[in-house]
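All remarks here apply to the structure that follows.
Since the model is a prediction, treat every value here as computed from it, not as a measurement. Chain identifiers are assigned alphabetically (A, B, ...) following the order of the sequence lines, protein sequences preceding nucleic acid strands; residue numbering begins at 1 within each chain. When reading the values below, keep in mind they use all heavy atoms of this one structure, side chains included, and skip hydrogens, waters and symmetry mates.
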2 protein chains.
Amino acid sequence: MTAEVKPSSPPLTERQEARRRRILHASAQLASRGGFDAVQMREVAEAAGVALGTLYRYFPSKVHLLVATMQDQLQHMHTTLRKRPPAGESAAERVAETLMRAFRALQREPQLADAMVRALTFADRSVSPEVDTVSRQTTAIILDAMDLADPPGPEQLSAVRVIEHTWHSALITWLSGRASIAQVKIDIETVCRLIDLTDPEPR
Amino acid sequence: MTAEVKPSSPPLTERQEARRRRILHASAQLASRGGFDAVQMREVAEAAGVALGTLYRYFPSKVHLLVATMQDQLQHMHTTLRKRPPAGESAAERVAETLMRAFRALQREPQLADAMVRALTFADRSVSPEVDTVSRQTTAIILDAMDLADPPGPEQLSAVRVIEHTWHSALITWLSGRASIAQVKIDIETVCRLIDLTDPEPR
DNA sequence: CGCTAACCTAGAACAAGTTTCAGTATCGAA
DNA sequence: TTCGATACTGAAACTTGTTCTAGGTTAGCG
């Protein structure tokens, strides 16, 4: 379950890696303040000490940049979550606990969350591969939390997909102020029941 | 459950109503071709025979316009769906059937669906009231399909919310080419099981 | 009918994402 | 070390959403 983010493609030189890192850092920085709108490509370029054209060479659009930022943050999150695995009895409880922990982390940086999630759902086909990577990372986190004895069956994978759907969409309703934190919690707990429905093994 | 879309606010004159209608028609028209990107405010204005400033008086942003377009389409959809109510045995089956029918309708106009759904999820707080209306319309459609004997309890409402989350998010993954039609079907059917979980009454 | 406020039009202007280009710097191989 | 290819820079240009302005039109009311 080592979900490293594609170090594929032409390997970057050290300075290029550093540039890429500076860009992602600047992006997260700006997003942490004003959210999606505050991540302006000219400002990112300036903050990262890079020309605008170079920024576009690394990330072909603002959405690409923000989705990459999300990959970055998700990786941190995954690492953090692993340090203290959830303690629930059932897989459903553990997943709900894990997602709520992630949710609390996002609450600490609502503007950053806004930027990343909006980019993710706004992404068109040209960003599919990157969005897919995010999806795989999320799946990995959920499967990690389930801590299954056996590899998941197709029914369980469906349940996981539905949980992901609910997770993303609930985040959006929260970010746009249409749902309260409590409501998100309820939705997550509700959808997690699907797991026990598809997995009779009580462990 | 008559979910008419707010005819509130200052009532419009006949010509104004006609303008509004022309604008929404132009919007849907353009969206049916190139999707979200093809709905360009200048073009909408021209196609509707209206000045740009007027367009912005009726719909304060492109997202507002597209969300209103969605309200419009949803109302049609709701009317159409009512004509032939779903025939499933359980509420879960009926909801799944209804959503799949809606899904097939969207498949006939994928570009239009793209424009509307992208606008919906990209909407920020300033569009919350309108997005909320869409959400209520969707809820009404689902509750209609459930065809409950008694008013829904809080658990059932949670399940409905989760179904809506899944519906929207699954649509997005389909529209961005990351999930197949078959996969969307499975996800919808999976999440609909939640209904039977929260409603022991088999009718 | 005549008035006034609200509405509409054409068009310029502005903002931010994206593209382009000419010139300079860096990298990897010979 | 030198050369050719590739990458980077700075700046201008282009696109499309959004705002603003000046002047003409409409609706409703006395």
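- At C/dT20, none of the side-chain N or O atoms of A/Y56 fall inside 4.0 Å of OP1 or OP2 (strictly under the cut-off).
- As judged by a 4.0 angstrom heavy-atom cut-off over every strand, A/V39 is placed among residues touching the sugar-phosphate backbone only.
- Proximity note for B/Q16 (side chain, C-beta onward) versus D/dG10, C/dC8, D/dG17: the nearest is C/dC8.
- Taking only side-chain nitrogens and oxygens, B/T13 never comes nearer than 4.0 Å to OP1 or OP2 of D/dA27.
- When rounded to the nearest whole Å, the span between CD of A/E46 and C1' of C/dA16 equals 15 Å.
- Between the CG atom of B/L65 and the C1' atom of D/dT16 there is a distance of 14 Å, rounded to whole Å.
- When distances run from any side-chain atom of B/Q40 to the nucleotides D/dA7, D/dG17, C/dT18, the shortest one goes to D/dG17.
- Atom NZ in A/K62 sits about 12 Å away from atom C1' in C/dA15, given to the nearest Å.
- Taking for each of B/V50 and A/F36 the nucleotide of DNA chain C with the nearest heavy atom, the 5'-most of the two is the partner of B/V50.
- Of all nucleotides listed (C/dT19, D/dA7, D/dT16), C/dT19 comes nearest to the side chain of A/L52.
- B/F59 comes within contact range of no nucleotide atom at all, as no heavy-atom separation falls under 4.0 Å.
- Put simply, CD on A/E14 is 15 Å from P on C/dT26, counting in whole angstrom units.
- For A/R15, counting side-chain heavy atoms from C-beta on, the closest listed nucleotide (D/dT9, D/dA27, C/dT26) is C/dT26.
- One finds a side-chain N or O of A/Y58 lying less than 4.0 angstrom from the OP1 or OP2 phosphate oxygen of D/dC8.
- Put simply, CZ on A/R22 is 11 Å from P on D/dC8, counting in whole angstrom units.
- A cation-pi arrangement is present between B/K62 and B/F36, with the terminal nitrogen or guanidinium carbon under 6.0 Å from the aromatic centre and inside a 45° cone about the axis.
- Side chains of A/T13 and A/R15: no donor on one and acceptor on the other come within 3.5 Å.
- Rounded to whole angstrom, the span from the CE atom of A/M41 across to the C1' atom of C/dT18 amounts to 8 Å.
- Side-chain contact, B/S61 with B/H64: a donor N or O sits under 3.5 Å from an acceptor N or O.
- Atoms CD1 and OG1, on A/I23 and A/T69 in that order, are 10.0 Å from each other to the nearest 0.5 Å.
- One atom, CG of A/L55, and another, P of C/dT19, lie 12 Å apart when rounded to the nearest Å.
- At a threshold of 4.0 angstrom between heavy atoms, the contacts of A/R19 are confined to the sugar-phosphate backbone, with no base atom among them.
- Closest to the side chain of A/R42, out of D/dA7, C/dG17, D/dT16, is C/dG17.
- Ion pairing between a basic and an acidic side chain is recognised when a charged N comes within 4.0 Å of a carboxylate O; A/R42 and A/E46 show no such pairing.
- Looking at which nucleotide of DNA chain D each of B/P60 and A/G49 is closest to, the 5′-most match is held by A/G49.
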